[in-house]
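Structure, as structure tokens:
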Amino acid sequence: MAEHPDALNAEQKTALRGRLLEMQEELRISLRERSAAAAPVELDQTTQGRLSRMDAMQGQAMAQAAVRRAEQQLVLVAQTLRHIDDADFGCCEDCGEPIPMARLQRDPCHRLCVPCAEARELG
């Protein structure tokens with residue numbers, strides 16, 4: 001894809017790279033913290049009631065789901081960092097128009113503009 005005339009400039013890409021690196025560190029910290037909560041639960045069935053065991057198992061399942069989401073987000077951040085210097089970075093994958101900087105500042109991993117993202121959701 002050719003570079004759009006309104007494509008991001010070097011300063012904007014540098015700011016987004018910094019945001020991505022912050023996100024990456026936050027996700028790594030979160031993974032370390034959540035991994036302990038996602039570990040198998042050892043329950044003493046003689047001292048804990050059935051509801052306590054169910055609560056512990058539910059908490060473990062929720063922690064495991066949070067770990068999976070964080071791992072997926074970490075992969076997405078790494079992919080975005082690899083492509084941030086591409087000429088078409090910051091342009092919508094569907095229509096090719098620039099993604100507003102405000103949207104990218106919230107989450108630099110966005111690959112679609114709002115209208116195209118909404119169209120996919122309604123799809």
Side-chain angles (χ1 to χ4, degrees):
M1 182 182 289
E3 186 172 338
H4 192 282
D6 296 324
L8 299 174
N9 62 41
E11 184 178 316
Q12 291 170 316
K13 287 185 178 186
T14 298
L16 292 175
R17 182 179 287 108
R19 175 72 181 113
L20 285 163
L21 292 171
E22 287 173 11
M23 290 171 64
Q24 191 175 51
E25 184 59 24
E26 290 168 6
L27 287 164
R28 287 180 177 153
I29 291 168
S30 176
L31 274 172
R32 281 193 297 269
E33 292 170 355
R34 292 179 179 181
S35 291
V41 178
E42 293 293 326
L43 298 172
D44 181 357
Q45 294 189 17
T46 61
T47 60
Q48 285 186 314
R50 191 177 122 222
L51 290 178
S52 294
R53 289 191 302 272
M54 289 174 57
D55 284 344
M57 290 168 58
Q58 183 179 21
Q60 178 192 20
M62 290 171 53
Q64 288 170 340
V67 166
R68 283 191 299 277
R69 282 191 306 275
E71 288 171 341
Q72 291 169 346
Q73 187 67 23
L74 196 55
V75 168
L76 186 58
V77 167
Q79 289 172 344
T80 303
L81 279 167
R82 281 194 303 276
H83 295 288
I84 199 164
D85 290 319
D86 293 354
D88 62 349
F89 180 82
C91 292
C92 178
E93 284 183 354
D94 285 359
C95 70
E97 290 298 313
I99 299 170
M101 187 61 178
R103 179 169 170 80
L104 291 172
Q105 286 171 328
R106 278 189 299 280
D107 185 352
C109 297
H110 283 300
R111 295 181 176 170
L112 300 172
C113 64
V114 172
C116 289
E118 288 174 347
R120 279 197 187 183
E121 286 178 14
L122 298 174

* **From Ile84, Asp107, Leu76, residue fulfilling side chain to side chain contact (heavy atoms under 4.5 Å, CB included) relative to Leu20** => Ile84
* Does a side-chain heavy-atom distance below 4.5 Å link Gln73 with Arg69? -> no
* To do: Identify the heavy atoms of Ala70 and Leu31 that sit nearest to each other, and give their distance.
  => CB-CD2, 3.7 Å
* To do: State whether the side chain of Arg103 and the backbone N or O of Leu112 hold a donor-acceptor pair below 3.5 Å, judged by distance alone.
  => yes
* Asked: Going from CE on Met23 to OG on Ser30, what distance comes out if it is rounded to the nearest 0.5 angstrom?
  -> 12.0 Å
* Do the side chains of Leu104 and Arg19 get nearer than 4.5 Å, heavy atoms only? -> no
* Start with the C-alpha distance between Glu93 and Cys116, add both sets of side-chain angles, then the distance that settles side-chain contact (heavy atoms from CB on, under 4.5 Å), and finish with yes or no. => CA-CA 9 Å; Glu93 284 183 354; Cys116 289; over 6 Å; no
* Residues Gln24, Leu27; criterion side-chain contact (heavy atoms from CB on, under 4.5 Å); working and verdict -> CA-CA 5 Å; Gln24 191 175 51; Leu27 287 164; 5.8 Å; no
* Asked: Is there a chain of hydrophobic side chains (I, L, V, M, F, W, Y, each step under 4.5 Å between heavy atoms) that links Leu21 to Val77?
  -> yes
* Gap between atom CD of Glu97 and atom SG of Cys91 - 0.5 Å precision -> 8.0 Å
* To do: Report yes or no: does Glu118 contribute a side-chain atom to a donor-acceptor pair with the main-chain N or O of Pro115 at less than 3.5 Å?
  => no
* Scan Thr14, Leu8, Asn9 and name whichever one has a side chain to side chain contact (heavy atoms under 4.5 Å, CB included) with Glu11. => Asn9
* Rounded distance (nearest 0.5 Å) linking atom CD of Gln105 with atom CD of Gln12 -> 8.0 Å
* **Atom CE of Met101: over 12 foreign heavy atoms under 6.0 Å** => yes
* Asked: Nearest heavy-atom pair of Cys109 and Thr80: which atoms, and what distance?
  -> SG-OG1, 3.5 Å
